[in-house]
Chemist: 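Following this message is one structure expressed as structure tokens.
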Amino acid sequence: MIIQAKIISQPQSGEYSERIYNIESPWNSQNWTWIKFTNEDLSEWCGIFRGDGNGVGISFKHNLIMVLTWDYLFLLDRVSGNIVEYERMPQYHSLTVSPLGDFILGYDYWISKYTTDLKNSVNIKSRSGVEFIKVLEWMSGWGEFTCDEFPLGEKHFLMEYDCETDKIAIISE
């Protein structure tokens with residue numbers, strides 16, 4: 001069972017056993033992301049995913065791993081490392097896992113919460129007129145994130161998201 005996942009630079013050939021996660025498509029970029037996985041027995045291996053990497057997260061609650069690249073959003077089984085589902089050309093910029101074990105993805109104008117699959121997400125709107133939401137860090141049940149004023153980007157906001165109530169509040173402008 002996988003207990004840790006981290007985006008790394010391309011490893012030396014033979015440094016890790018490797019598993020390629022590629023979805024055949026003429027729209028794929030030529031870029032790849034390497035993720036080092038650590039199993040419960042502390043053995044390590046590398047997953048190679050199509051597209052530039054934007055994030056990886058593990059939900060111990062749901063036994064799932066989510067990998068976000070510019071080309072795909074992958075959902076993996078934490079036990080086998082197999083692809084459960086994928087979404088082509090996701091529009092998200094950032095990925096994190098809430099203290100409740102839900103995947104939180106930042107998009108231009110809102111954040112999305114995924115639990116057990118990619119078909120059922122909850123879009124949580126922030127105040128109108130913001131874009132490029134990027135999740136920063138979690139403190140207890142609150143996630144802090146930044147965003148820019150739309151359309152000029154002259155103001156930058158620090159906001160917080162309560163993962164228990166799905167409410168968003170402004171911390172500072």
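Hydrogens, waters and symmetry mates are skipped; everything else that's a heavy atom, side chains included, is used. What you see is a predicted model, and the numbers here were worked out from it, not measured in a lab. When a residue number appears, it is its place in the shown sequence, counting from 1.
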Chemist: Grab the two heavy atoms, one from T33 and one from G53, that are nearest each other, plus how far apart they are.
Modeler: OG1-N, 2.6 Å
Chemist: With distance as the sole criterion, is a donor-acceptor pair present between the side chains of W45 and N39 under 3.5 Å?
Modeler: yes
Chemist: How close do R88 and S25 get, heavy atom to heavy atom, and via which atoms?
Modeler: NH1-CB, 3.0 Å
Chemist: K167: which residues meet the side chain to side chain donor-acceptor pair (under 3.5 Å) condition with it, sequence neighbours left out?
Modeler: none
Chemist: Can you measure from CG (N54) to NE2 (H93) and round to the nearest 0.5 angstrom?
Modeler: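 With rounding to 0.5 Å, CG (N54) is 8.5 Å from NE2 (H93).
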Chemist: Going only through I, L, V, M, F, W and Y residues with side-chain contacts under 4.5 Å, is there a path from I2 to V97?
Modeler: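 The answer is no; the residues belong to distinct hydrophobic clusters.
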Chemist: Does some side-chain heavy atom of N31 sit less than 4.5 Å from a side-chain heavy atom of D71?
Modeler: no
Chemist: About how many Å separate NZ of K36 and OG of S9, when rounded to the nearest 0.5 Å?
Modeler: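 It is 10.5 Å, given to the nearest 0.5 Å.
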Chemist: Does a donor on one side chain sit under 3.5 Å from an acceptor on the other, for D77 and N82?
Modeler: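 Not at all, the side chains of D77 and N82 share no donor-acceptor pair under 3.5 Å.
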Chemist: Within the structure provided, determine whether E18 and P11 are in side-chain contact (heavy-atom separation under 4.5 Å).
Modeler: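 Counting from C-beta outward, E18 and P11 do come under 4.5 Å.
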Chemist: What pairs with Y16 under ring-ring contact (aromatic ring centres under 6.0 Å, His included), at least two apart in sequence or on another chain?
Modeler: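 By the ring-ring contact (aromatic ring centres under 6.0 Å, His included) rule, Y16 matches no residue at all.
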Chemist: Do I58 and M66 pass the side chain to side chain contact (heavy atoms under 4.5 Å, CB included) test, and can you show the C-alpha distance, the side-chain angles, and the key distance before you say yes or no?
Modeler: CA-CA 6 Å; I58 298 177; M66 189 174 275; over 6 Å; no
Chemist: Would you please indicate yes or no on a ring centroid separation below 6.0 angstrom for F49 and Y72?
Modeler: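 That pair fails the under 6.0 Å test.
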Chemist: Measuring from Q4:CD to E40:CD, what's the distance to the nearest 0.5 Å?
Modeler: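 So the CD of Q4 and the CD of E40 are separated by 12.5 Å.
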Chemist: Rounded at 0.5 Å granularity, tell me how far CG in N63 sits from CG in L76.
Modeler: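 Here the interatomic distance stands at 12.5 Å.
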Chemist: Starting at CG of D102, measure out to OG of S121 and round the result to the nearest 0.5 Å.
Modeler: 12.0 Å
Chemist: Quick one: name the residues clustered hydrophobically with M1, using the 4.5 Å side-chain heavy-atom rule over I, L, V, M, F, W, Y, and just say none if it's on its own.
Modeler: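 Members alongside M1: V79.
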Chemist: Using a distance-only test with no angle check, is there a side-chain donor-acceptor pair under 3.5 angstrom linking D41 and S43?
Modeler: yes
Chemist: Do L64 and L118 share a hydrophobic cluster (ILVMFWY, side-chain heavy atoms under 4.5 Å, transitive)?
Modeler: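 Yes; L118 is reachable from L64 via cluster members.
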Chemist: Examine I48 and F37 and state if one hydrophobic cluster contains both, with Ile, Leu, Val, Met, Phe, Trp and Tyr joined whenever side-chain heavy atoms are less than 4.5 Å apart.
Modeler: no
Chemist: For the hydrophobic clusters of this structure (ILVMFWY residues joined by side-chain heavy atoms under 4.5 Å, transitively), does one cluster hold both F60 and V67?
Modeler: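 The answer is yes; both residues are in one hydrophobic cluster.
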Chemist: What's the shortest heavy-atom distance between Y114 and N120, and which atoms?
Modeler: CD2-O, 4.2 Å
Chemist: Begin from the C-alpha positions of T116 and L75 and carry the test side chain to side chain contact (heavy atoms under 4.5 Å, CB included) through to its verdict.
Modeler: CA-CA 9 Å; T116 58; L75 193 63; over 6 Å; no
Chemist: Which atom names give the shortest non-hydrogen contact between I35 and A5, and what distance separates them?
Modeler: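 Answer, listing the atom of I35 first, then A5: CG2-CB, 4.1 Å.
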Chemist: Using distance alone, with no hydrogens and no angle criterion, decide if R50 and T69 have a side-chain donor and acceptor under 3.5 Å apart.
Modeler: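 Judged by distance alone, the side chains do not pair up.
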Chemist: Side chains of S112 and N123 only: does a donor on one sit below 3.5 Å from an acceptor on the other?
Modeler: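 Result is yes, a qualifying pair exists.
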Chemist: Is it the case that one hydrophobic cluster holds both Y21 and W34, taking links as side-chain heavy atoms less than 4.5 Å apart, direct or via other members?
Modeler: no
Chemist: Could you give the distance from CG (L105) to CG (L68), rounded to the nearest 0.5 Å?
Modeler: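 Answer for the CG-CG pair, L105 versus L68, is 6.0 Å.
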Chemist: Is any NZ, NE, NH1 or NH2 atom of the basic residue among K113 and D166 found under 4.0 Å from an Asp or Glu carboxylate oxygen of the other?
Modeler: yes
Chemist: Looking at E44 and L42, would you say the former's side chain and the latter's main chain have a donor-acceptor pair under 3.5 Å?
Modeler: no
Chemist: With the side chain counted from C-beta on, respond yes when C46 and S17 share a heavy-atom pair under 4.5 Å apart, and no when they do not.
Modeler: no
Chemist: Walk me through it: do S59 and F103 pass the test side chain to side chain contact (heavy atoms under 4.5 Å, CB included)?
Modeler: CA-CA 7 Å; S59 172; F103 296 104; 3.6 Å; yes
Chemist: I'd like to know whether K119 forms a side chain to side chain contact (heavy atoms under 4.5 Å, CB included) with E85, so could you lay out the CA-CA distance, the side-chain angles of the two residues, the decisive distance to 0.1 Å, and finally the verdict.
Modeler: CA-CA 9 Å; K119 294 173 190 69; E85 293 179 86; 2.7 Å; yes
Chemist: Side chains of V56 and K6: does their closest heavy-atom pair fall under 4.5 Å?
Modeler: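 No, every pair of side-chain atoms sits at 4.5 Å or beyond.
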